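We use all heavy atoms of the structure for the numbers below, so side chains are in, but hydrogens, waters and symmetry mates are not. Only a predicted model underlies this, so the values are computations on that prediction, with no experimental measurement involved. The first residue in the sequence is number 1, and the count goes up from there.
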Amino acid sequence: MESRLAMSRYARVIAAYDNAYPDPISGRRGDLFRLGHKDEHYPDFIWATAADGRRGWVPQSYLRRDGDLGRLVRDYTAQELTVDEGELVEIQDTIGGWLWAATIDSVQ
């Protein structure tokens, strides 16, 4: 754990947030999504519908596009964190202006 913590980037939460999407779009590498429009404010994301009917924004860099379909090139979930003000989170990735993070408890 020590070496992982030493190599990671961290951030302190400045405002509490409750997960607004309890059943987000997600998929495994190789899954197909039907693709829609790009987000006009965050063009790195595209609206997608999974085979199970869940919909949401997916980073275009996670997809290999073929017309109106996209195949995931890596596992993906749009799961949001519920966090408290002052909580420390580990930054795992940055895509199109959004941070992918995990609470410290979830990475131990």
Side-chain angles (χ1 to χ4, degrees):
M1 173 81 173
E2 287 294 324
S3 62
R4 181 177 176 147
L5 289 175
M7 296 186 315
S8 300
R9 298 181 307 165
Y10 295 91
R12 181 107 21 220
V13 175
I14 61 171
Y17 181 80
D18 286 324
N19 176 359
Y21 304 99
D23 191 23
I25 191 170
S26 63
R28 309 266 313 158
R29 181 178 180 205
D31 288 352
L32 277 174
F33 289 168
R34 180 158 306 283
L35 304 179
H37 63 283
K38 288 183 184 180
D39 186 300
E40 63 183 60
H41 299 291
Y42 298 98
D44 293 331
F45 291 84
I46 192 162
W47 190 252
T49 304
D52 63 8
R54 288 184 289 170
R55 295 183 235 167
W57 296 106
V58 176
Q60 291 190 77
S61 62
Y62 280 43
L63 298 163
R64 186 177 64 237
R65 191 173 184 152
D66 183 13
D68 65 346
L69 297 177
R71 187 173 302 276
L72 284 174
V73 296
R74 62 182 286 186
D75 294 351
Y76 175 73
T77 180
Q79 180 69 47
E80 294 183 342
L81 291 177
T82 295
V83 291
D84 294 320
E85 182 178 341
E87 189 169 358
L88 188 63
V89 295
E90 178 183 11
I91 306 302
Q92 299 175 328
D93 207 350
T94 304
I95 302 169
W98 290 90
L99 298 176
W100 266 247
T103 59
I104 299 305
D105 289 342
S106 68
V107 295
Q108 293 182 4

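For the pair Glu80 and Ala20, the tightest heavy-atom approach, listed with the atom from each and the gap, is OE1-N, 3.2 Å. Listed here is the closest heavy atom pair of Asp44 and Gly96: OD2-CA, 2.9 Å. The minimum heavy-atom distance linking Lys38 with Trp57 is given by the pair C-CZ3, 4.0 Å. Smallest separation of non-hydrogen atoms from Ile91 and Ala101: CD1-CB, 4.2 Å. The shortest non-hydrogen separation linking Ala48 to Ile25 is O-CD1, 3.4 Å.
Side-chain atoms of Ile104 and Glu87, non-hydrogen and from C-beta on, never get closer than 4.5 Å to each other. Residues Tyr17 and Leu81 form no side-chain contact, since every pair of their non-hydrogen atoms from C-beta on lies 4.5 Å or further apart. Side-chain contact between Ile46 and His37: absent, with no pair of heavy atoms (C-beta onward) separated by less than 4.5 Å. The side-chain heavy atoms of Leu63 and Val73, taken from C-beta on, include no pair separated by under 4.5 Å. Thr77 is listed as a side-chain neighbour of Pro24, based on a closest heavy-atom distance under 4.5 Å. A heavy-atom distance below 4.5 Å is found between the side chains of Arg55 and Thr49.
Using a 30° and 60° split on the angle between ring planes, Tyr62 and Tyr76 fall in the perpendicular class, above 60°.
No side-chain donor-acceptor contact under 3.5 Å links Arg29 to the backbone of Asp31. For the pair Arg12 (side chain) and Gly86 (backbone), a donor-acceptor distance under 3.5 Å is present.
Criterion: ILVMFWY side-chain heavy atoms under 4.5 Å apart, direct or through other members. Under it, Trp100 and Leu72 are part of a common hydrophobic cluster. With hydrophobic clusters built from ILVMFWY side chains whose heavy atoms lie under 4.5 angstrom apart, Leu69 does not share a cluster with Phe33.
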May I have the step-by-step check of side-chain contact (heavy atoms from CB on, under 4.5 Å) for Val13 and Asp84, ending in yes or no?
CA-CA 7 Å; Val13 175; Asp84 294 320; over 6 Å; no
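One finds the CZ atom of Arg64 at 9.0 Å from the CG atom of Leu32 (value rounded to the nearest 0.5 Å). Atoms CD and CG, on Glu90 and Leu99 in that order, are 12.0 Å from each other to the nearest 0.5 Å. Distance check, rounded to the nearest 0.5 Å: CD1 of Ile95 to CD of Gln92 gives 11.0 Å.
Look at Arg28 and Asp75 and you find a salt bridge, because one of the NZ, NE, NH1 or NH2 atoms lies within 4.0 Å of a carboxylate O, short of that distance. With salt bridges taken as basic N to acidic carboxylate O contacts below 4.0 Å, one links Asp23 and Arg54.
Enclosure of atom CG in Asp68 by more than 12 non-hydrogen atoms of other residues, nucleotides or ligands within 6.0 angstrom is indicated.
Aromatic rings from Tyr42 and Trp98 are positioned such that their centres are separated by under 6.0 Å.
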